[in-house]
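Proteins get letters first, then strands, A, B, ... in listed order; numbering begins at 1 in each. Since we're looking at a predicted model, the values are computed, not measured.
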Number of protein chains: 2
Amino acid sequence: MAKSTQPESRERGRDPERTRELILDAAEQLFAAKGYEETSLADVGKQAGVSRATPGYFFGSKAELHRAVIERCFADVRRAVREGKARALASGQTPEVVLAGAVGDYADFVAARPNFVRLIEREALSDRVVLDGMPLRLAVWQEALAAFRQELGLDISDTAEAAHLLLSLVALTWFPIVHGQTFLKAVGLDPTAPNFAEQRKRHITTLLLGALRERAANTSTWS
Amino acid sequence: MAKSTQPESRERGRDPERTRELILDAAEQLFAAKGYEETSLADVGKQAGVSRATPGYFFGSKAELHRAVIERCFADVRRAVREGKARALASGQTPEVVLAGAVGDYADFVAARPNFVRLIEREALSDRVVLDGMPLRLAVWQEALAAFRQELGLDISDTAEAAHLLLSLVALTWFPIVHGQTFLKAVGLDPTAPNFAEQRKRHITTLLLGALRERAANTSTWS
DNA sequence: ATTAACTTGCTGGACGTATAGCATTTTAAT
DNA sequence: ATTAAAATGCTATACGTCCAGCAAGTTAAT
C-alpha cells in the first residue's frame, strides 16, 4: 500500500484526498448555485478553504473540475438507482405498490440533493454536448430505465411507454426543485411547507398509477 | 401621432423601434442558447446586425437588456394563456375534452418556442430573485392558474389540487424541451421524430385525465 | 442646425492559466 | 536513528484575454 500510514484523521496536515474532496464539494455547491460561468476558481478555492490556485492545481483546468463534479454527481445517482432497484425487487410487491415506493424514494432523493438536480439541469441547458466522453450519463439513465421496466413488470412490452413513464417521473419530481421560488410560489404552493412533499408524492403517484393501470387494462384486454 | 410618417417599410433607413426589436430578438436567442454570462453585448450587437455598443445604447446595461427580454417573453406567454382560455371557454366542452385540448395547445406552444422555456428555466436556476420588480411573472402564472381552474370547472374546490395539476402540465411539457439531447436520447426517445410530439401529448393527457377523473370521483362521491 | 441614432476608441477590472518557489512529507542511504 | 535528497502539496505572482461601460465622434432625419 502506498498510503499505509494514515490511521488517524489529520486535522491540520496535508491530505490531498481530503483536499480534493473539499474542492469537489465546494465546486459542486457553487456550480449548482451560481452556474459555471459565474463561479471562478478563486471562489471555489475560498469556499474549500484553500488558496486561489489550488483548484487549478488539482484539476488542471476549470472545465476539468466541472467535469469531475458532474461525474461524481452521476455516480451518486447511479448508486441511488441501484439501491432503489434492489429494494423494489426484494419487496416482491405488485407493480402498483412498487411504483408508489419508487415515486417516494426518488422524490426524497432529489429533495435531499437539490444540487444534483440544478447541476444536471444547467448541464442540459448548456448546448455543449457532453455525451461524448461521458458514457456514465448515458449509462445511468439507461440503467434507470431498465430497472424501472423490471420493477414494473414491463419487461417485454413497449419500451417507449416505459421511457415516457420514467421521463414523466423525473420531470414531475425535478420541477419543484428548480422552480420552487418562482412558479411554485406564484401558484400558491410552498415547497418548504411540511406537508408539501407528501402532497406532491401523492399527486405524482396518482398520475403515474393511472397511466400504469390504463396501460395494463389496454394490453391485457385488447392485445 | 408621433410616428405619423412611416407608411413604407424602410430597408436602409434608421428605425429605432425596429432596431430595438432586432436587438431583443438577438438577445433572446443568445441568452436562451448560451446563457447570460456567456453572452456578451458585442455578440448581441453582431447577431442583431448593429455595432458593439448599440445594445448598451438602447438598454443602458446588460442587466436591463436581459430584463427586457424576460419581460417580453412573459408577455407572449400571457397572450398564449389568454388565447387558450378564450378558446377553451368558447368551445363549451366537458372538462375532459378541454384538458386534452389544453395539453395539446400548451405542448405546441412550448415546442414552437423552445427559447422561452430555456430562458425561464435559466432564470429559475439563477438564485437572483427577480420576483421583486417583476410583477408580470407572478401575474402570468396566477392568471394561468385561474384560467386552468375555470376551464376545468374546479372553481370552488381545492386550489392546491389545481395548482398541482397545472404544475404537472408545465413540468411534463417543459422537460423534453430542455433535456431532449441528454435524458431523452439516453432512454431512446427522439424528440425530433415526427410521431414523438403526438405520442407525448397522448401520454401527458392520459396522466392528467386520470388524476382529474380520480379527483372527480372522490369529490362527488365521498365529500 | 439641432437632435436622435448610432459607431469607434478606450479603460478598468475580472478571470483562467502558467510558473516559480516554499513547506511538508516520504524515501533511502548511512 | 539520522539526515540528505527527492517528491508532493500548495501558494503567490504575473501575464494574456475578454468584456461592460463610458466618452467622444459620426451620420442621418427633421
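Between B:H179 and A:W141, the distance separating the two ring centers is not shorter than 6.0 angstrom. Checked against a 6.0 Å centroid threshold, the rings of A:H164 and B:F196 count as neighbours.
When the P atom of D:dC10 is taken as reference, atom CD of A:E17 falls 11 Å away, rounded to whole Å. Across the protein-nucleic acid pair, B:H66 atom NE2 and D:dA20 atom C1' stand 16 Å apart, rounded to whole Å. The NZ-C1' distance, from A:K46 to D:dT11, rounds to 16 Å in whole Å. If you take CZ of B:F59 and C1' of D:dG21, they are 16 Å apart, rounded to a whole angstrom. Separating the CZ atom of A:R18 from the P atom of C:dT25 is a distance of 14 Å, rounded to the nearest angstrom.
Side-chain N/O atoms of A:T19 include one lying less than 4.0 angstrom from OP1 or OP2 on D:dC10. For B:Y57, a side-chain nitrogen or oxygen approaches OP1 or OP2 of C:dA5 to under 4.0 Å.
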List the atom pairs, donor and acceptor, that lie under 3.5 Å between side-chain atoms in residues 108-120 of chain B and the rest of the protein, sequence neighbours left out.
residue, atom, partner, partner atom, Å
B:D108, OD1, B:K201, NZ, 2.7
B:D108, OD2, B:K201, NZ, 3.3
B:N115, ND2, B:Q29, OE1, 3.4

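B:L189 has its side chain out of reach of B:F183: every pair of non-hydrogen atoms, C-beta onward, lies at least 4.5 Å apart. Counting heavy atoms from C-beta on, the side chains of A:L22 and A:V50 never come closer than 4.5 Å.
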Would you mind building the protein contact string for nucleotides 11-20 of chain C? One character per nucleotide, 5' to 3', B for base within reach (heavy atoms under 4.0 Å), S for sugar-phosphate only, - for untouched.
----SSS---
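With salt bridges taken as basic N to acidic carboxylate O contacts below 4.0 Å, one links B:E21 and B:R72.
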